[in-house]
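Here is the naming used below: chain letters follow the sequence lines, and residue numbers restart at 1 for every chain.
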Amino acid sequence: MDRRSFLKAGAGAALAPAVLTGKVSAQEAVIRFGGSVPMTGPAAETGLNVKFGYDCAVKFINEQMGGVDIGGKKYRVSLNLFDDASDPARATSLIQKQVDEGVSFFLGSFGSNIVLPTCAITEAAGRIMVQAGGGSDLIFTQGRRRVFGLFPRASRQFASTTAMFKTLQPQPQSIMFIYTNDAFSKVAGEGAKKEVETAGFKTFDSITLPAQVSDVTDALGTVRAANPDVLVCSTHDQVSILIARQMVATNTNVKALFQTLGPQTAAYREALGKYANGVMGASYWDENAAYKGAIFGSAKDFATYYRANFKRELTYHMASGAGCIVAYLEAMKKAGTVTDRNAIRDALASLDLETFYGRIKFTAQGDGDPVLLGPMVIQRQKNQVTVVYPKEAASAPVIYPAPAWQDRT
Amino acid sequence: MLVLQTALNGLVLGGVYSLAAVGFSLIFGALGIVNLTHGIFVICGAYASMMLFHGLSVDPFFATIPVAFVFFFVGYVYQRYLIQLAVSRASLVASLLVTFGVALIARNLLQLGFSPDVRTITPSYSFSSLVIGGLRVDMVRLIGVGVSLVLLSLMALLLAKTAFGRRIRATAQQPLAANLSGVNVPHVFGQTFGLGAAFAAAAGAVLGIVQPFSPSAEEFWTLNAFIVVVLGGVGSPSGALLGGILLGLISSFTAQYVGPSFTNAVMFLVLVVMLLVRPHGLLGSAFGESR
């Protein structure tokens with residue numbers, strides 16, 4: 001083969017997949033969702049959970065439903081997600097590139113520090129973002145009209161937990177807060193503190209940790225000196241594990257330890273073993289909840305389908321990721337279009353629909369309705385994640401006060 | 001009592017930081033290479049220790065020996081056949097780019113191999129603590145400091161008392177003179193890098209029980225080592241120990257008396273002041289005098 005033939009053959013081989021893809025795309029109506037997710041970097045553990053939720057929804061809709069009917073036409077869905085490596089700068093470049101390429105509908109990354117700058121880009125370009133990875137108040141209070149979040153804004157996420165504290169017997173008298181200095185945890189921690197103070201609980205000066213922490217020995221010294229009944233940590237997985245491990249090692253006991261992120265994960269269970277039992281956290285979805293919708297069926301059906309098709313341990317992040325796509329498709333059905341962004345935006349804003357994830361309804365600012373989409377309180381009991389509040393969703397009563405670390409089994 | 005507890009926390013933390021930084025310090029001091037792969041060696045050590053613990057029930061403290069042994073060879077090959085090649089074809093600055101690139105690749109490979117999930121090593125004593133006269137110290141950190149002191153002493157002895165150590169010092173101070181005296185300089189450079197990598201990985205084996213880790217944690221350990229070296233001085237175990245302890249005390253006292261959120265700010269403030277006042281660190285460069 002001479003050089004010219006080699007180059008011709010090579011070019012032909014290189015172009016073949018593109019030509020083939022173009023042919024397939026031309027035959028099928030596809031709704032494409034763009035976005036970035038932390039598949040690597042510090043936020044990757046939860047980022048991957050959200051991504052698996054997106055993947056699960058797409059697989060189910062395409063393979064089980066054969067697509068979705070919108071305006072009398074059948075559409076398949078596809079994902080165009082990239083790894084933002086937990087880096088806001090990289091995420092903004094990726095999202096801008098997709099905006100320039102004409103992507104209309106975006107799914108969110110994980111972490112308010114990433115969602116905040118990326119949703120500013122999509123909003124400015126008139127595109128829509130539905131996300132389940134950014135809860136910071138700033139996402140929803142800067143006048144954006146096309147950004148929707150499945151979670152309530154951070155400062156409103158603690159209402160149900162405060163209500164649960166009120167039901168505890170004996171009622172806790174004092175609550176202390178630890179949070180990391182990042183866009184979500186700080187706002188959530190400060191909002192939570194305001195919430196419990198309004199409910200009449202005594203609080204202490206909060207402990208603010210840097211975003212990346214390697215040691216909390218001194219912070220725990222402050223906790224021991226204050227001796228609160230409840231310690232609330234508004235922290236991400238890795239820091240939550242570090243705090244809990246060092247609490248056990250330094251015998252820092254409180255009647256209740258509540259950590260926003262961490263107790264839901266397999267890594268937490270593996271890191272703490274029996275000491276994880278008794279720790280409380282938040283969960284936005286439970287497979288035993290009595291919700292059902294047109295896509296996936298019931299919450300239980302979603303869990304069954306997910307486990308049959310994916311190996312990664314199921315957490316509520318998978319459900320919320322899938323919930324974003326369900327919200328999009330239900331809004332498109334309601335609007336009867338997959339191209340009119342304004343109509344789809346209006347349909348999302350007025351959405352009030354029961355799905356496998358719960359009743360999806362957004363506030364006027366775009367965050368999740370704090371009552372309908374607010375968190376349940378979970379507690380690790382007998383090595384399982386158990387819903388303990390609200391009562392109607394609870395599968396076991398809360399264990400309070402939690403046993404001292406050395407007495408945990 | 002609070003001051004004593006804070007000082008103790010700082011010393012213990014500092015001991016752990018020292019161990020994690022000594023490999024970086026040796027490579028920087030002897031070869032002049034800012035090894036941005038340092039954190040990767042630390043994290044690889046933690047993963048290797050985790051595999052030995054879960055697969056063969058080897059205690060992480062004993063795992064330091066095989067882990068260090070393996071990473072000595074990894075470091076040797078890496079220096080001889082990649083870094084040295086880049087340095088000889090360009091300049092010492094090329095090593096910065098090479099180690100940065102390799103760190104990025106290695107981090108992604110670790111994420112492919114082990115997933116980005118947070119991992120921990122949890123031997124039976126992970127959750128114990130020691131109380132002496134009202135002062136409490138976390139057992140794993142205390143043992144970590146013990147291992148740190150043992151390994152730092154071993155390195156100090158190796159550098160000061162053995163023929164191998166003399167060769168390292170000679171090539172670090174005057175490579176040409178060492179070469180003229182019959183020392184195989186490229187080979188010793190490789191061995192020195194291997195030794196640095198071995199210590200970094202051994203530190204990782206211990207750090208795996210001290211705190212949770214994931215591939216992305218490598219950046220933290222590289223940065224930390226850099227600060228330790230700037231504070232204490234390059235090339236010597238005593239410099240790493242002093243820098244580590246200083247860093248630990250600064251972190252601990254800032255966290256206790258100013259606020260935990262200010263630890264990084266104060267740490268970098270001290271770093272900047274140190275670079276202005278004493279750019280070679282408190283103990284200076286162990287090999288710099290005759291360079």
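- Pairing each heavy atom of Thr250(A) with each of Arg136(B), the nearest pair is O-CD, 3.0 Å.
- For a residue to count as touching a neighbouring chain, one of its non-hydrogen atoms must lie under 4.5 Å from one of that chain's; by this rule Asn264(B) touches chain A with the side chain only.
- In this structure, the separation between OG on Ser214(A) and CZ on Phe213(B) is 15.0 Å, given to the nearest 0.5 Å.
- Across every non-hydrogen atom of Ser129(B) and Ala249(A), the tightest pair is CB-O, 2.6 Å.
- Both the backbone and the side chain of Pro212(B) come within contact range of chain A, judged by heavy atoms closer than 4.5 Å.
- Using a 4.5 Å cut-off on side-chain heavy atoms (C-beta onward), Arg245(A) and Ser126(B) make contact.
- Taking CD1 from Ile241(A) and CZ from Arg119(B), the interatomic distance works out to 11.0 Å, rounded to the nearest 0.5 Å.
- There is no contact between Tyr268(A) and chain B, counting heavy-atom distances below 4.5 Å.
- Inspection of non-hydrogen atoms places Gln238(A) of residues 230-238 of chain A under 4.5 Å from chain B.
- Considering only heavy-atom pairs separated by less than 4.5 Å from chain B, the leading option among Val248(A), Val213(A), Thr180(A) is Val248(A).
- Side-chain atoms of Asp218(A) and Ser252(B) include a donor-acceptor pair closer than 3.5 Å.
- Between chain B and the options Leu209(A), Asn181(A), Thr46(A), Asp215(A), heavy-atom pairs under 4.5 Å are most frequent for Asp215(A).
- Contacts with chain A were tallied for Val131(B), Val140(B), Asp117(B), Thr120(B); Asp117(B) has the most, counting heavy-atom pairs under 4.5 Å.
- Proximity to chain A (any heavy atom under 4.5 Å) is shown, for Asn224(B), by neither the backbone nor the side chain.
- Heavy atoms only, all atoms of each residue included: Ala44(A) and Pro116(B) are closest at CB-CB, 3.1 Å.
- Looking at Phe127(B) and Trp405(A), their side chains never come closer than 4.5 Å, going by heavy atoms from C-beta outward.
- Across Gln406(A), Arg312(A), Met247(A), the residue that shares the most heavy-atom pairs under 4.5 angstrom with chain B is Arg312(A).
- When heavy atoms are compared at a cutoff of 4.5 Å, Gln211(B) approaches chain A by way of both its backbone and its side chain.
- The residue among Asp138(B), Thr263(B), Val118(B), Leu13(B) with the most heavy atom pairs within less than 4.5 Å of chain A is Val118(B).
- For Leu112(B), no part sits under 4.5 Å from any heavy atom of chain A, backbone or side chain.
- Contact check for Pro260(B) versus Ile207(A): side-chain heavy atoms found under the 4.5 Å cut-off.
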